[in-house]
2 protein chains.
Amino acid sequence: MVKTDFSPIADTTRRAEIVALLRRAILTGQLEPGQKLNELRISEQMRVSRAPLREAMRELVQEGILTSIPYAGTFVIDVTAKDIDDAYSLNKVLDEFAIERTWPQRDLRFFDELDRRHEAVKQATRDLDTTRQIETALQLHGLIYEWADNSVLLETWQRLTSRLQMYFALHQQARKEAVPAEDVHETYVRLLKGTDCQAAQRHAREHIDLDFEELLAYARSLEQRPSKGA
Amino acid sequence: MVKTDFSPIADTTRRAEIVALLRRAILTGQLEPGQKLNELRISEQMRVSRAPLREAMRELVQEGILTSIPYAGTFVIDVTAKDIDDAYSLNKVLDEFAIERTWPQRDLRFFDELDRRHEAVKQATRDLDTTRQIETALQLHGLIYEWADNSVLLETWQRLTSRLQMYFALHQQARKEAVPAEDVHETYVRLLKGTDCQAAQRHAREHIDLDFEELLAYARSLEQRPSKGA
DNA sequence: TCTTGTTAGATTGTCGACAATCTGATTGTC
DNA sequence: GACAATCAGATTGTCGACAATCTAACAAGA
């Protein structure tokens with residue numbers, strides 16, 4: 001008997017596709033923070049009715065990247081320096097925990113996947129595809145969460161990821177030219193393959209630090225300027 | 001000039017009320033794990049149309065207490081021993097972090113609120129109102145998250161709380177008579193008022209331990225029995 | 001008997017229209 | 001001119017009906 005592993009078929013509801021479309025638009029920065037989402041306009045553009053669109057928006061509100069005010073509208077979340085700092089500090093704690101849990105579970109498949117994702121980042125870097133670069137870097141980073149064998153932790157990470165991706169995308173948009181250092185993940189991958197768990201945990205912190213420092217500086221610089229409200 | 005603090009007015013959409021109703025029904029165990037939510041029936045019972053009900057359900061799916069399968073239905077999540085264990089271990093990590101962050105922020109208002117919530121737990125215990133007992137105990141526990149001044153951490157805790165409340169409610173339903181020890185929170189409150197941060201962190205772990213141990217034992221006993229599927 | 005095709009019923013997904021609410025401009029009054 | 005009342009337009013919230021899909025029961029054939 002041949003045993004084949006089938007993965008679940010794709011969600012074929014309009015709602016699911018709308019969620020994916022909207023999320024992508026937000027996370028890549030096509031929709032700016034604070035921007036209002038006009039239901040009628042978007043539903044016409046997507047050629048769907050407002051019902052599935054509204055349901056999709058409700059999901060993204062709960063996911064934390066949209067915010068809704070009854071009878072006023074649904075908006076892309078505003079990003080403050082504090083939000084980034086909050087996400088950053090929580091991320092550090094979660095990372096430490098994820099590495100601790102993943103550590104004894106590492107095996108060949110883990111290392112393979114680690115290399116695969118690392119390669120994806122390097123490819124995106126070569127292609128100068130900054131959006132994909134952010135995406136793949138977060139996927140590389142997310143591997144420890146997938147292997148930590150803790151569903152609640154994984155969910156938490158996925159929620160956090162949404163925001164991180166949004167933050168970094170905004171950052172990237174701001175300084176269009178510059179491409180990040182060619183291989184900041186080399187050490188991270190090497191340590192995850194090594195034998196010193198604590199060293200890996202320590203590096204994870206510092207590695208994030210580098211990215212976030214710049215991000216925070218950018219966010220703070222934005223908030224220095226007063227908004228254009230007269 | 002008199003300065004009055006106004007709290008935001010209540011959400012006056014049906015959707016918000018439906019969310020509250022459904023959440024309460026799930027967290028108190030009125031709706032059992034795995035149970036299917038029939039949209040037509042519920043909408044008729046609540047005297048609302050399916051649109052706001054469906055939007056409300058979408059929110060609860062994202063909140064993690066409902067799960068949805070396209071064209072099949074929306075169900076109350078199933079609770080496994082592993083789920084509880086996952087939530088428990090993550091909770092430990094978050095607690096440690098929350099206490100660390102709250103520690104320097106403690107002031108008179110914090111201590112007042114701590115006493116107030118502690119009192120609420122004791123009151124619910126005297127009233128033998130187990131549902132409210134769980135609710136107030138979690139609110140007492142949530143104080144450190146509200147004072148940690150980290151919005152992402154707070155959101156994460158609130159998501160976790162939903163599940164914890166559900167787990168404990170299920171547990172309570174199983175052993176109807178027994179009321180938990182009269183004041184397991186005395187030490188917790190005292191330590192949070194004290195000067196030894198690490199001692200508080202240590203106790204938070206162990207205190208949770210007690211509750212969870214029993215909970216886990218119960219969940220595991222459930223899974224020992226094979227389900228009634230022939 | 002097992003498998004496959006069909007069908008009816010129930011349930012979810014989607015749609016278009018109406019009701020409730022907000023916003024901003026306009027008008028009238030002091 | 002300043003301020004409150006009114007109104008029109010736009011937008012969100014809700015409704016009832018229709019379309020798409022699933023489930024289970026039944027029939028037909030190997």
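Numbered from 1 within each chain, the chains take letters A, B, ... in sequence-line order.
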Who is the Watson-Crick or G-U wobble partner of dC15(D), with both distances under 3.5 Å? dG16(C)
Flag yes if more than 12 heavy atoms outside E32(A) fall under 6.0 Å of its CD atom; otherwise flag no. no
Residues, nucleotides or ligands: over 12 heavy atoms within 6.0 Å of R109(B) CZ: no
Under 3.5 Å, which protein N or O atoms sit close to an N or O of nucleotides 15-18 of chain D? Give each pair with its distance.
from, atom 1, to, atom 2, distance (Å)
dC15(D), OP1, R14(B), NE, 3.3
dC15(D), OP2, S49(B), N, 2.7
dC15(D), OP2, S49(B), OG, 2.9

Would you call E135(A) and R132(A) a salt bridge, using N to O less than 4.0 angstrom? yes
Less than 4.0 angstrom from a charged side-chain N to a carboxylate O is my criterion; do R106(B) and E113(B) meet it? no
Return the value, rounded to whole Å, for the distance between atom [atom1] of [X] and atom [atom2] of [N].
X	N	atom1	atom2	value
E44(A)	dA10(D)	CD	C1'	13 Å
R54(A)	dG13(C)	CZ	C1'	16 Å
E55(B)	dT14(C)	CD	P	13 Å
I69(B)	dT21(D)	CD1	P	17 Å

What residues 33-43 of chain B contributes to the DNA chain C interface at heavy-atom separation below 4.0 Å is K36(B), L37(B), N38(B), E39(B)
Taking the inter-plane angle between the rings of W157(A) and Y145(A) on a 0 to 90° scale, is it parallel (under 30°), tilted (30 to 60°) or perpendicular (over 60°)? parallel
For residues E63(B) and S162(B), is any side-chain donor paired with an opposing acceptor at under 3.5 Å? yes
Could you pull out the protein-nucleic contacts involving nucleotides 20-24 of chain C (nitrogen or oxygen on both sides, under 3.5 Å)?
none

Heavy atoms under 4.0 Å, any strand shown: does R15(A) hit a base, just sugar-phosphate, or nothing? sugar-phosphate
